[in-house]
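No experiment lies behind these values; they were computed from the predicted model shown.
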Amino acid sequence: MELDDEFLLEVCRVKLSGSSLLTLCNSGQFQALTNSDSTRKVIDIAAVLGKSLGLALVDCSASSGTIGVLKQVVDLGCCIVLANKKPLTSTMEDYDKLVSHPRRIRHESTVGAGLPVIVSINRVISSGDAVHRIVGSLSGTLGYVMSEVEDGKPLSQVVKVAKSLGFTEPDPRDDLSGMDVARKALILARLLGWRINLDSIKIESLFPKEMGANAMSVEDFLDSGLLLLDKDIQERVTKASLNGNVLRYVCVIEGSRCEVGIQELPKDSPLGRLRGSDNVLEIYSRCYNEKPLVIQGAGAGNDTTAAGVLADILDVLDLFPE
């Protein structure tokens, strides 16, 4: 069934209001399926249409529960398009299955929303130019936070403002933990051929375990916990400034090192000049050694992510002649 513009606008309205898409079923035109029902339906359709028509399964969830069905449709010859990072940061066994047919998978929106990160790295690698270092600010939230504390603002104040602007998750600790950046770093490292898992990555959280979700409510963290973090961050900002540097929360992939956390970087570097919520990625290779390949732009937001997913869908369609 073809979805007309009026219905698609209604989908957007429902999601923007925070409501469930189940409300659309009241019209009687569409059916909502449970997880088990939807899995069976997807597999049945994939078995019939997968290879012949170039069926693409698009995963824009934030769940690891889709990994099973993704692996099954890969075996049935389907293409997969991912904005969901969790399938590609699961076990190496799951990863190997999902990328077993490289021409039939696209996942540009897993790193940097709609920025051409994955395609750029793939093109560099395909040319025989070995990538030996990647450094990037891959969180719009943490990019904003670090550039604001550089101006002397307390971390506690900056995080609260970021939350009010909609830059953070409902619980800002989901951003401040660094786990989202770590998943993006793992995707990039595996793209370079590294056979590592998430627990191989050194992750610096901006808050201690004692302030985690199991020990402190969101309200207490915002009202009192954050205040206890101000002094340490400000001291690090001052120290970096005395060295002519700035602090940025980045991922570093180099040699045998894959880590995410706060790094001192030169003020005049692409990452040092970063302001606001943009993403910046520096890619160093044999050809891009002294001056890295730099990718910069909006790395978050519904529009940019949706554009990245749509571009991936259109890209895989080119594999199948009309």
Side-chain angles (χ1 to χ4, degrees), residues 18 60-64 83-86 88-89 109-115 117 135-151 153-188 198 201-230 232-234 236-237 246-252 258-263 271 274-281 297-305:
C60 292
S61 72
S63 169
S64 57
N84 182 8
K85 292 179 281 293
K86 290 185 178 177
L88 295 178
T89 55
S109 293
T110 57
V111 181
L115 292 176
V117 172
V135 185
S137 175
L138 298 175
S139 166
T141 302
L142 291 174
Y144 171 83
V145 167
M146 298 314 298
S147 62
E148 290 293 295
V149 297
E150 178 190 338
D151 292 337
K153 299 173 185 175
L155 177 69
S156 55
Q157 175 188 326
V158 171
V159 171
K160 289 176 184 177
V161 171
K163 187 175 188 297
S164 70
L165 293 173
F167 287 174
T168 74
E169 296 295 329
D171 185 345
R173 288 171 295 192
D174 292 342
D175 299 290
L176 301 178
S177 70
M179 183 56 69
D180 184 63
V181 179
R183 289 189 184 279
K184 294 174 182 179
L186 179 57
I187 290 171
L188 295 181
L198 200 57
I201 300 176
K202 181 181 177 182
I203 305 170
E204 179 183 1
S205 172
L206 296 191
F207 60 89
K209 291 181 180 179
E210 294 75 21
M211 294 184 190
N214 294 329
M216 185 179 284
S217 68
V218 179
E219 292 75 19
D220 287 343
F221 177 71
L222 291 170
D223 292 340
S224 57
L226 272 173
L227 291 170
L228 301 176
L229 306 177
D230 285 343
D232 178 64
I233 289 293
Q234 195 53 55
R236 294 176 70 174
V237 168
V246 293
L247 297 182
R248 294 290 181 262
Y249 195 98
V250 299
C251 74
V252 179
C258 184
E259 59 185 53
V260 300
I262 295 177
Q263 299 275 337
L271 282 161
L274 177 65
R275 305 294 300 176
S277 59
D278 272 7
N279 281 189
V280 174
L281 195 74
N302 293 336
D303 290 349
T304 50
T305 302

So how far is it from Ser277 OG to Leu142 CG, rounded to the nearest 0.5 Å? 11.5 Å

Do Arg248 and Glu150 come within less than 4.5 Å of each other through their side chains, counting heavy atoms only? yes

If we check side chain to side chain contact (heavy atoms under 4.5 Å, CB included) with Leu281, which of these qualifies: Leu188, Val111, Leu115, Val135? Leu188

Sequence-distant partners of Asn84, side chain to side chain contact (heavy atoms under 4.5 Å, CB included), two or more places apart: Asp59, Ser61, Thr66, Lys86, Pro87

Gly140 and Asn279: which non-hydrogen atoms are nearest, and at how many Å? N-ND2, 3.5 Å

Can you check whether Pro154's main-chain N or O pairs, donor with acceptor, with Asp230's side chain at less than 3.5 Å? no

Taking side chain to side chain contact (heavy atoms under 4.5 Å, CB included) as the definition, give me every residue that meets it alongside Ser217, ordered by chain and number, with sequence neighbours left out. Glu219, Asp220

Using the side chain to side chain donor-acceptor pair (under 3.5 Å) criterion, which residues pair with Thr304? Sequence neighbours excluded. none

Test of understanding: with side chain to side chain contact (heavy atoms under 4.5 Å, CB included), list the residues that count as partners of Leu198, not counting sequence neighbours. Met179, Ala182, Arg183, Leu186, Ile201

Using every non-hydrogen atom in the two residues, find where Ser137 and Gly143 come nearest and quote the distance to one decimal. OG-CA, 4.2 Å

For Leu271 and Gly136 the tightest heavy-atom approach is CD2-C, 4.2 Å

Pairing residues for Asp180 by the side chain to side chain donor-acceptor pair (under 3.5 Å) criterion, not counting sequence neighbours: Lys85, Lys184

Considering all heavy atoms of both residues, which atom of Pro172 and which atom of Val218 are nearest to each other, and what is their separation? CD-CG1, 4.3 Å

By the side-chain hydrogen bond (donor to acceptor under 3.5 Å, both in side chains) test, which pairs, at least two apart or in different chains, include something from residues 157-172? Asp171-Arg173

For Thr141, give me all partners under side chain to side chain donor-acceptor pair (under 3.5 Å), at least two apart in sequence or on another chain. none

With side chains defined as the heavy atoms from C-beta onward, is the minimum distance between Phe167 and Val145 less than 4.5 Å? no

With sequence neighbours excluded, what pairs up with Asp151 under the side chain to side chain contact (heavy atoms under 4.5 Å, CB included) test? Glu148, Arg275

How far does CG of Leu206 sit from CG of Leu155, to the nearest 0.5 angstrom? 7.0 Å

Do Gln263 and Leu247 touch side chain to side chain, with heavy atoms closer than 4.5 Å? no

Specify the closest pair of heavy atoms between Ser156 and Leu226, including all atoms of both residues, with the distance to one decimal. CB-CB, 3.7 Å

Test item: Val280 and Leu138 side chains (from C-beta on) under 4.5 Å apart, heavy atoms: no

Electrostatic pair Glu204:Arg236 at N-O distance under 4.0 angstrom: yes

Find out whether Leu229 and Pro208 are in side-chain contact, i.e. whether some heavy atom of one side chain is under 4.5 Å from a heavy atom of the other. yes

Side chain to side chain, Val260 and Val250, heavy atoms closer than 4.5 Å: no

Please report the closest heavy-atom contact between Ser147 and Gly276, naming both atoms and the distance. OG-N, 3.3 Å

In chain order, what residues pass the side chain to side chain donor-acceptor pair (under 3.5 Å) check against Asp223, with sequence neighbours excluded? none

According to ring-ring contact (aromatic ring centres under 6.0 Å, His included), who are the partners of Phe207, at least two apart in sequence or on a separate chain? Phe221

